[in-house]
Amino acid sequence: MYKVNVLMSTCNGERYLRQQVESIMNQEGVDILLTVRDDGSSDDTVNLLRELSRKYGNRIKVYSGGNIGYKRSFMKLLEHASEADFYAFSDQDDVWFEQKTKMAIKLIEDRSSKDDICLYASGDIITDENLNIIGKHEVSDMPVNIQSFFSRARLAGCTYVFTAPCMELAKRFTGIKYMKREVPDHDFVLGSIALGCGKMILDDNAYIYHRRTNVSATSGGNGIMQRIKVEADLVFGRRGVQSRMAAELLDRCEEDLNEDAREFLREVADYKIAKKGKLKLLNNKMMKSGVPIGDIETKVKIIIGNY
């Protein structure tokens with residue numbers, strides 16, 4: 001039976017945490033280890049985690065730390081994670097179907113190998129706070145290449161399951177030191193590694209209820225005004241995330257990158273200083289994510305120098 005180490009960052013998540021943890025611990029056909037880093041909660045989250053840790057013994061490991069934001073917190077988890085066959089990310093307020101990790105591993109083994117650099121991501125069922133279904137996030141129309149991913153990273157990190165070799169590369173990025181607004185999301189880091197150095201497998205099936213609350217970090221299901229706010233922040237607020245990520249990949253994984261990815265990442269990293277750098281990216285026909293508004297926003301970011 002494969003061991004799967006699930007990495008979860010919590011922050012003031014006591015309301016739905018027990019339901020999320022129980023759904024993880026009840027995964028079928030795998031040996032689950034849950035590693036949690038609490039990001040400075042001020043509610044009863046840590047006490048609840050300790051209670052659950054006592055219930056499940058050494059299957060749950062809990063670390064507490066100061067509030068550094070969910071992006072850095074997830075990257076810290078890569079440092080804490082003990083050895084496993086596969087790894088996964090988890091939010092603190094979703095509900096996993098019992099077959100979630102088992103089906104992900106089956107698809108990885110069908111199309112690749114646990115010994116390869118490989119990441120699986122799926123669709124997810126979006127719900128409100130009471131698990132009433134709002135919609136479904138599908139991934140079948142997303143082109144599986146790094147150019148598309150750098151236009152719009154459309155995948156939900158909470159659906160990720162990735163191999164140990166993918167994890168080993170990801171650990172190289174735990175020392176990234178940028179200002180809070182410039183730090184790349186953990187799921188962007190892992191997706192970039194998989195697409196640049198290995199393989200990504202997408203599954204339109206959904207094995208997770210992705211709960212949206214009024215404090216969710218992303219916009220799905222939270223109304224048009226929140227959507228506009230998030231999209232505006234992506235364009236004008238978060239500056240240089242893609243170009244910095246490209247530079248980090250070239251610095252930390254250059255020998256592992258495939259040639260196509262290496263060439264593209266060089267263009268991204270140098271787009272503001274290279275001759276016709278912006279034009280090359282604006283005319284790159286592979287930078288299509290399947291979400292037209294996202295592709296337009298990417299072009300705006302390139303033009304104004306925020307890419």
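One-based numbering along the sequence shown.
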So which heavy atom on Ile302 is nearest to which on Tyr271, and how close? O-CE1, 3.7 Å
Shortest non-hydrogen contact from Cys166 toward Leu190: SG-CD1, 3.8 Å
Hey, can you tell me if Phe188 and Phe149 have their rings parallel, tilted or perpendicular (30° and 60° cut-offs)? parallel
Exceeds 12 heavy-atom contacts within 6.0 angstrom, atom CG of Asn283: yes
N-O pairing of Lys106 and Asp110 below 4.0 Å: yes
More than 12 heavy atoms from other groups under 6.0 Å of NZ on Lys301: yes
Can Glu14 and Asn47 be counted as having a side-chain donor-acceptor contact under 3.5 angstrom? no
Shortest non-hydrogen pair, Ile125 vs Ala206, comes out as CG1-CB, 3.7 Å
Atom CZ of Arg152 and atom OG1 of Thr298: how far apart are they, to the nearest 0.5 Å? 6.5 Å
Mark yes when over 12 heavy atoms from residues, nucleotides or ligands other than Arg252 sit less than 6.0 Å from its CZ; otherwise mark no. yes
Does any non-hydrogen side-chain atom of Phe150 lie less than 4.5 Å from one of Leu195? no
Hits for side chain to side chain donor-acceptor pair (under 3.5 Å) against Arg18, two or more places apart or cross-chain, chain-then-number order -> Glu51
Hey, are Lys100 and Asp94 close enough for a salt bridge, meaning a charged N less than 4.0 Å from a carboxylate O? no
May I ask you to check whether over 12 heavy atoms, not counting those of Lys288, lie within 6.0 Å of atom NZ? no
Is it true that Asp38 and Arg50 have a side-chain N and a carboxylate O under 4.0 angstrom from each other? no
Quick check: do Cys253 and Arg172 have side-chain heavy atoms less than 4.5 Å from each other? yes
To the closest 0.5 Å, what do you measure between CG (Asp93) and NE2 (His210)? 7.0 Å
Check whether any side-chain heavy atom of Met286 sits under 4.5 Å from a side-chain heavy atom of Pro143, and report yes or no. no
Phe89 and Phe162: CA distance, side-chain angles, deciding distance, ring-ring contact (aromatic ring centres under 6.0 Å, His included) verdict: CA-CA 9 Å; Phe89 287 137; Phe162 45 100; 5.2 Å; yes
With the side chain counted from C-beta on, respond yes when Ser122 and Asn205 share a heavy-atom pair under 4.5 Å apart, and no when they do not. no
Around atom NZ of Lys136, are there more than 12 heavy atoms from other residues, nucleotides or ligands closer than 6.0 Å? yes
Which atom pair, heavy atoms only, marks the closest approach of Leu77 to Thr35? CD2-O, 3.6 Å
Student check: side-chain heavy atoms of Leu155 and Met200 closer than 4.5 Å: yes
Lys55 and Glu22 ion-paired at < 4.0 Å: yes
Within the structure provided, determine whether Ile32 and Val6 are in side-chain contact (heavy-atom separation under 4.5 Å). yes
Looking just at side-chain N and O atoms, do Tyr70 and Asp39 make a donor-acceptor pair shorter than 3.5 Å? no
For the atom pair OH (Tyr2) and CG (Asp31), what is the distance rounded to the nearest 0.5 Å? 13.0 Å
Atom NZ of Lys3 with >12 non-hydrogen neighbours under 6.0 angstrom: no
Taking the basic N atoms (NZ, or NE/NH1/NH2) and the acidic carboxylate oxygens, is any pair closer than 4.0 Å for Arg238 and Glu297? no
Should we count CD of Glu259 as having more than 12 external heavy atoms under 6.0 Å? yes
Donor-acceptor pair, Thr163 side chain versus Cys118 backbone, under 3.5 Å? yes
What one should report as the nearest heavy-atom pair of Trp96 and Ser90 is CZ2-CB, 3.6 Å
Would you please classify the geometry between the His186 ring and the Phe74 ring as parallel, tilted or perpendicular, with 30° and 60° separating the classes? parallel
Contacts of Glu254 that satisfy salt bridge (Lys or Arg N to Asp or Glu O under 4.0 Å) - sequence neighbours left out: Arg266
Could you give the distance from CD (Gln19) to CZ (Arg211), rounded to the nearest 0.5 Å? 5.0 Å
With heavy-atom distances below 4.5 Å as the criterion, would you say the side chains of Ile303 and Lys278 are in contact? no
Could you state the interatomic distance from CG (Leu7) to SG (Cys158), rounded to the nearest 0.5 Å? 13.0 Å
Nearest 0.5 Å, what's the CD-CD1 distance between Glu248 and Ile176? 4.5 Å
Minimal non-hydrogen separation, Ile68 against Ser73, with atom names: CD1-N, 3.8 Å
